[in-house]
Trainee: 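The following block contains the structure, expressed as structure tokens.
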Amino acid sequence: MNISRREVITGRVFLVLLMIVTLLPFVSMLSAALQPRGTVPSGLEWPAHPHWGNFVDAFDVANMGALLKSSLLIVLGVVPAAVVIATMAGFGLGHLRVRGGGIALAVLLLGLTMPFEAVITPIYYQIKDLGLLNTRWAIILPLIGLYMPFAVYWMRAHFLNVPQELSEAARVDGASTWQLFWRVHIPLARPAISSLTILLFLWTWNQFLLSIVLVDDPSERTMAGALGAFQGQWGTDLVLLCAGSLLILTPTLVVFLIFQRQFIAALLQGSVKG
């Protein structure tokens, strides 16, 4: 299909405008974070003498070291478990076509339509009954369950597109179901697994609602959840608040920039196969 020069120019102009609209809030926050402490930033105004030390102050005041540790522990508790369970479930529902799979898919579809806000109250009382309130497990366990609908559908979409001939050839060679899964399908599923891991990492790191509802101690929350306490304590200091917000956003931006190629490759692979 031939694309005219006018269409190419229009597309590029649209992308530039979209990039500007996306980056403008971050640039505004950065300019505000570099203003002198105690001042009120007014719009997009780059300071004549940037105060980079505001980021050091925000790091110390917000106890970012403890928040980083807490967020990493929560991510390590959620992401590997969710990816393993979703990969095995997606293989069973997408490639093995297990009995009762249609019912399981219907239940998962119901979970996809249900927002976190609709289940936060029953989750609170369940976690309270288990005696896990105000611990990191109060965030880890619900997130694993809440991620399952999307994660299983994501992995199932990949396994649906894997040719059955590969499995039949492996069966002829005497491969068991576990060997078929581990030696044949897992290597082929690495792009889908990598992209799912990135998504779950970003969602877990930026989890806010469960953190502030189920955990009172900010040092036991995710970094995004601790932002609520930081805002309540330093909400009048807009400069420090902007600096702390940028510090919280930085790890997710770094992770996405590092793994963006794997993520885009998995999306393109799915679009080609679909």
Side-chain angles (χ1 to χ4, degrees), residues 62-93 104 107-108 110-156 186 189 192-232 244-245 247-256 258-259 263:
N63 196 15
M64 289 285 182
L67 296 182
L68 280 169
K69 177 183 176 182
S70 179
S71 292
L72 286 174
L73 290 175
I74 292 173
V75 166
L76 291 175
V78 173
V79 176
V83 170
V84 169
I85 296 172
T87 302
M88 298 179 71
F91 176 70
L93 295 173
V107 173
L108 291 171
L110 179 63
L112 278 175
T113 63
M114 191 173 297
F116 281 17
E117 293 80 0
V119 297
I120 189 65
T121 300
I123 286 177
Y124 175 86
Y125 286 105
Q126 288 180 352
I127 293 297
K128 183 179 180 180
D129 292 340
L130 291 173
L132 298 177
L133 209 59
N134 298 319
T135 67
R136 293 189 183 97
W137 290 108
I139 302 173
I140 293 172
L141 295 179
L143 282 182
I144 294 175
L146 291 170
Y147 288 159
M148 278 303 101
F150 173 83
V152 172
Y153 264 94
W154 180 278
M155 294 309 304
R156 175 180 174 269
I186 288 298
I193 293 174
S194 299
S195 55
L196 178 62
T197 301
I198 296 170
L199 283 174
L200 296 186
F201 170 84
L202 296 176
W203 293 346
T204 303
W205 193 273
N206 294 322
Q207 178 53 230
F208 179 78
L209 181 61
L210 290 182
S211 297
I212 62 173
V213 172
L214 302 176
V215 179
D216 291 333
D217 186 358
S219 63
E220 299 284 322
R221 298 174 179 172
T222 61
M223 290 192 72
L227 181 62
F230 183 74
Q231 182 179 8
S245 300
L247 287 175
I248 291 173
L249 288 171
T250 298
T252 58
L253 293 176
V254 171
V255 168
F256 182 77
I258 292 175
F259 297 104
F263 183 72

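We're numbering straight along the sequence, starting at 1.
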Trainee: Are any of the side-chain heavy atoms of Tyr124 and Leu133 separated by less than 4.5 Å?
Mentor: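 Of all side-chain heavy-atom pairs linking Leu133 with Tyr124, at least one is under 4.5 Å.
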Trainee: Is there a side-chain contact between Met64 and Ile248, using heavy atoms and a 4.5 Å cut-off?
Mentor: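 Yes, their side chains come closer than 4.5 Å.
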Trainee: Keeping to residues at least two apart or across chains, list the side chain to side chain donor-acceptor pair (under 3.5 Å) pairs with something in residues 203-213.
Mentor: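 Non-adjacent pairs meeting side chain to side chain donor-acceptor pair (under 3.5 Å): Tyr147-Thr204, Ser211-Thr222.
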Trainee: A side-chain contact here means heavy atoms from C-beta on lying under 4.5 Å apart; do Ile186 and Ile193 qualify?
Mentor: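 Heavy-atom side-chain distance check passes, below 4.5 Å.
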Trainee: So which atom in Glu117 and which in Leu209 form the shortest heavy-atom distance, rounded to 0.1 Å?
Mentor: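 Smallest interatomic distance, heavy atoms only, reads CG-CD2, 4.0 Å.
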Trainee: Would you say Leu93 and Leu108 make side-chain contact, with heavy atoms under 4.5 Å?
Mentor: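 Yes. Closest side-chain heavy atoms under 4.5 Å.
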Trainee: So do the side chains of Val215 and Thr135 get within less than 4.5 Å of each other, counting heavy atoms only?
Mentor: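 Result no, sub-4.5 Å side-chain heavy-atom pair not found.
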Trainee: Does Ile123 form a side-chain contact (heavy atoms from CB on, under 4.5 Å) with Leu214? I'd like the steps, not just the answer.
Mentor: CA-CA 9 Å; Ile123 286 177; Leu214 302 176; 4.0 Å; yes
Trainee: Does any pair with a residue in residues 64-75 pass side chain to side chain donor-acceptor pair (under 3.5 Å), and if so which ones, sequence neighbours excluded?
Mentor: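 Passing the test, one end in residues 64-75: Ser70-Arg136.
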Trainee: List the atom of Thr197, the atom of Val79, and the distance in Å for their closest heavy-atom pair.
Mentor: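 Taking every non-hydrogen atom into account, CG2-CG1, 3.7 Å.
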Trainee: Should Leu199 and Trp154 count as side-chain neighbours, where that means a heavy-atom distance under 4.5 Å?
Mentor: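 With C-beta onward as the side chain, the pair touches.
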Trainee: Mind listing the closest non-hydrogen atom pair of Val152 and Ala89 along with its distance?
Mentor: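 Scanning both residues completely, I find the closest heavy atoms to be CG2-CB, 3.9 Å.
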Trainee: How many angstroms lie between atom CD of Gln126 and atom OG1 of Thr121, to the nearest 0.5 angstrom?
Mentor: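 The CD atom of Gln126 sits 11.0 Å away from the OG1 atom of Thr121.
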Trainee: Report yes if the side chains of Leu210 and Arg221 come closer than 4.5 Å at any heavy-atom pair, otherwise no.
Mentor: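 Contact flag for Leu210/Arg221 side chains = no.
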Trainee: Would you name the heavy atoms of Ala82 and Leu200 that are closest together and state the gap between them?
Mentor: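 Looking at all heavy atoms of both residues, the closest pair is CB-CD1, 3.8 Å.
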Trainee: When rounded to the nearest 0.5 angstrom, what distance separates CG in Leu67 from CE in Met223?
Mentor: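 Result: 5.5 Å between the selected atoms.
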Trainee: Please report the interatomic distance CD1(Ile139) to CD1(Ile212), rounded to the nearest 0.5 Å.
Mentor: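 These two atoms lie 10.5 Å from each other.
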Trainee: Compare every heavy atom of Asp216 with every heavy atom of Asn134, then report the nearest pair and how far apart it is.
Mentor: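 Asn134 and Asp216 have their closest heavy atoms at OD1-N, 3.0 Å.
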Trainee: To the nearest 0.5 Å, tell me how far Leu249 CG sits from Thr252 OG1.
Mentor: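 Rounded to the nearest 0.5 Å, the CG-OG1 separation comes to 5.5 Å.
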